[in-house]
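Written out below as structure tokens is the structure these notes cover.
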There are 2 protein chains.
Amino acid sequence: MSAAQSAVETIQREMTIFARRARASAGRMHPELSLVSYTLLGHLEEEGGCRATDLAAHYALDKSTVSRQVAALERARLIERRLDPEDHRVQVLHLTEAGREILAQVTRSRRAAFRERLAGWPEEDLVRFAAYLERYNAGPGGAGAD
Amino acid sequence: MSAAQSAVETIQREMTIFARRARASAGRMHPELSLVSYTLLGHLEEEGGCRATDLAAHYALDKSTVSRQVAALERARLIERRLDPEDHRVQVLHLTEAGREILAQVTRSRRAAFRERLAGWPEEDLVRFAAYLERYNAGPGGAGAD
DNA sequence: CGTTCTAGTTGTATAGTACAACTTGATGCG
DNA sequence: CGCATCAAGTTGTACTATACAACTAGAACG
């Protein structure tokens, strides 16, 4: 087998290991925010508010799933809904102050975990690894993580 | 922010994106084998048979979870249980011929997906990316993917 | 108008998971 | 030996995330 083929196999194996571990540990590290909730909140922060339908499309989730996640986040007072005055079918979702705080806190703790895991890596390797990951995720067929 | 810090943030973000996508697409691409089942079967193949308790410990799953997964895999005739003659509490799990085939088939299809995604990468980059991933996963605190 | 489209909710079902209680077999101690 | 304790697995129960289908409410367009 060529070096390229064997590298692809390693990438497959290691990405699978990572995905499995992430799945296993996601809920336990941040009980206040599941991986999906974290992602949705992060998206709201980036976008400065968006519709549930946008979240569903962007993350390839069913609108009913998003609806329930959003309902939970609203119950927890992390987001609020504002009726779009232009179109009364639409509810624009916004982070609350509490939501922003929780998001920042979870982001900090995740960042710390990654930093610790990457401690001791030479800067040059960090930069290259980051570039490879971006390239991988941006690759053709946007959704295919598997 | 230093280049190193910004690289760590990128790694965090891209790994999170990957984990979310993997989670979303895992079940859909291989209806015959969930990501966990695939992993368990793969472990059985590597080890050439092991106990349910070993699987639970290795993948940080509850023994009841493994018990049900194993039951499903046995119902599907992908694995079989053999009572350990030394200790009648223990059931040693083995792949069946069908299990080996399904595993090989899913592995092939996953490999094809990765190969397609990585098509066009220079061999040198594949090799380096693979090395970074191995280093990341092998890193301190074995479980922390998050 | 009414038909059709869109945003979102709710009913229902499934998978994966954990925890606790239990069963069965092994081990060890007095 | 015989009883207490430990270990492997199973089963009961509950919860979360998810999808699909049916529905409601509002908008758009002829």
Side-chain angles (χ1 to χ4, degrees), chain A residues 19-41 44 49-76 79-94 143 145-146, chain B residues 19-41 49-76 79-94 143 146:
Chain A
R20 178 174 35 69
R21 285 185 182 165
R23 175 168 207 152
S25 69
R28 264 159 286 190
M29 296 194 68
H30 312 290
E32 63 286 276
L33 223 50
S34 75
L35 186 55
V36 170
S37 298
Y38 175 75
T39 304
L40 297 185
L41 252 45
L44 284 183
C50 73
R51 304 177 306 163
T53 297
D54 299 335
L55 294 174
H58 198 262
Y59 295 113
L61 293 169
D62 191 81
K63 59 186 178 166
S64 67
T65 301
V66 172
S67 174
R68 289 180 226 266
Q69 291 285 334
V70 161
L73 288 172
E74 192 193 26
R75 266 197 305 282
I79 65 176
E80 61 184 19
R81 316 179 191 218
R82 300 184 198 153
L83 259 184
D84 183 342
E86 307 278 296
D87 183 341
H88 280 200
R89 289 169 306 182
V90 171
Q91 301 171 3
V92 184
L93 308 173
H94 292 269
D146 185 310
Chain B
R20 180 172 35 69
R21 285 185 182 166
R23 174 168 207 152
S25 69
R28 265 158 287 191
M29 298 194 67
H30 311 292
E32 64 286 274
L33 223 50
S34 75
L35 187 57
V36 170
S37 297
Y38 175 76
T39 304
L40 297 184
L41 251 45
C50 74
R51 304 177 305 162
T53 296
D54 299 334
L55 294 175
H58 195 81
Y59 296 113
L61 293 169
D62 191 81
K63 60 186 177 166
S64 67
T65 300
V66 172
S67 173
R68 289 180 227 267
Q69 291 286 333
V70 161
L73 289 172
E74 192 192 25
R75 265 196 306 280
I79 65 176
E80 60 183 21
R81 317 178 190 219
R82 301 184 196 152
L83 259 185
D84 183 340
E86 307 279 297
D87 183 341
H88 280 200
R89 291 170 305 180
V90 171
Q91 302 169 2
V92 183
L93 308 172
H94 292 270
D146 183 311

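A note on names: the letters A, B, ... follow the listed sequences, proteins ahead of strands, and every chain is numbered from 1.
Between A:R81 and the phosphate of C:dA7, there is no side-chain N or O to OP1/OP2 separation shorter than 4.0 Å.
Across the protein-nucleic acid pair, B:R51 atom CZ and C:dG25 atom P stand 17 Å apart, rounded to whole Å. In this structure, A:D62 places its CG atom 16 Å from C1' of D:dT16, rounding to the nearest Å. Rounded to whole Å, the distance from CG on B:L61 to C1' on C:dC19 is 14 Å. Between A:H88 atom NE2 and D:dT24 atom C1' the separation is 16 Å, expressed in whole Å. The CG-C1' distance, from B:L93 to D:dT10, rounds to 14 Å in whole Å. The CG atom of B:L55 sits 12 Å away from the P atom of D:dT10 (whole-angstrom rounding). Straight-line distance from the CG atom of A:L35 to the P atom of C:dT17: 15 Å, rounded to whole Å. Between the CZ atom of B:R82 and the C1' atom of D:dG9 there is a distance of 19 Å, given to the nearest Å.
Checking C:dA7, D:dA8, C:dT9 against every side-chain atom of A:T53, the shortest atom distance belongs to C:dA7. With C:dT17, D:dG9, C:dA18 as the choices, the nucleotide that has an atom nearest any side-chain atom of B:V36 turns out to be C:dT17. Distance from the side chain of A:D87 is smallest for D:dA27 among the nucleotides D:dA8, D:dA17, D:dA27. The listed nucleotides are D:dA17, D:dA8, C:dT9; the one nearest the side chain of A:Q69 is D:dA17. Out of C:dG11, D:dG9, C:dA7, the shortest distance to the side chain of B:V90 is found at D:dG9. Taking only side-chain atoms of B:S67, from C-beta outward, the nucleotide of D:dT11, C:dT9, D:dT18 with the closest atom is D:dT11. For B:K63, whose side chain is taken as the heavy atoms from C-beta onward, the closest listed nucleotide among C:dA18, C:dT9, D:dA8 is D:dA8. For A:T65, whose side chain is taken as the heavy atoms from C-beta onward, the closest listed nucleotide among D:dT18, D:dC20, C:dA26 is D:dT18. Each of C:dT10, D:dA17, D:dA27 was ranked by its minimum atom distance to the side chain of A:S34; first place goes to D:dA17.
A donor-acceptor contact under 3.5 angstrom links the side-chain atoms of A:R68 to the base of C:dT12.
The 5' end of DNA chain D is approached more closely, in terms of each residue's nearest nucleotide, by B:S64 than by the other of B:S64 and A:S64. Comparing A:E86 and B:A52 by the nucleotide of DNA chain D whose heavy atom lies nearest to each, the residue mapping closer to the 5' end is B:A52. Each of A:R89 and A:V66 was matched to the nucleotide of DNA chain C holding its nearest heavy atom; the match closer to the 5' end belongs to A:R89.
For A:S37 against A:Q69, the heavy-atom pair with the smallest separation is OG-OE1, 3.3 Å. When all heavy atoms of B:R51 and B:L93 are compared, the pair lying nearest together is C-CD1, 4.3 Å.
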Pair A:L55-A:L61, side-chain contact (heavy atoms from CB on, under 4.5 Å): steps then yes or no: CA-CA 8 Å; A:L55 294 174; A:L61 293 169; over 6 Å; no
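The main-chain N or O of B:L35 is found under 3.5 Å from a side-chain atom of B:T39 such that the two form a donor-acceptor pair. Proximity of a side-chain donor or acceptor of A:D87 to a complementary backbone N or O of A:D84 within less than 3.5 Å is not detected.
The only member of A:V92, A:L73, A:I79 that meets side chain to side chain contact (heavy atoms under 4.5 Å, CB included) when paired with A:L44 is A:I79.
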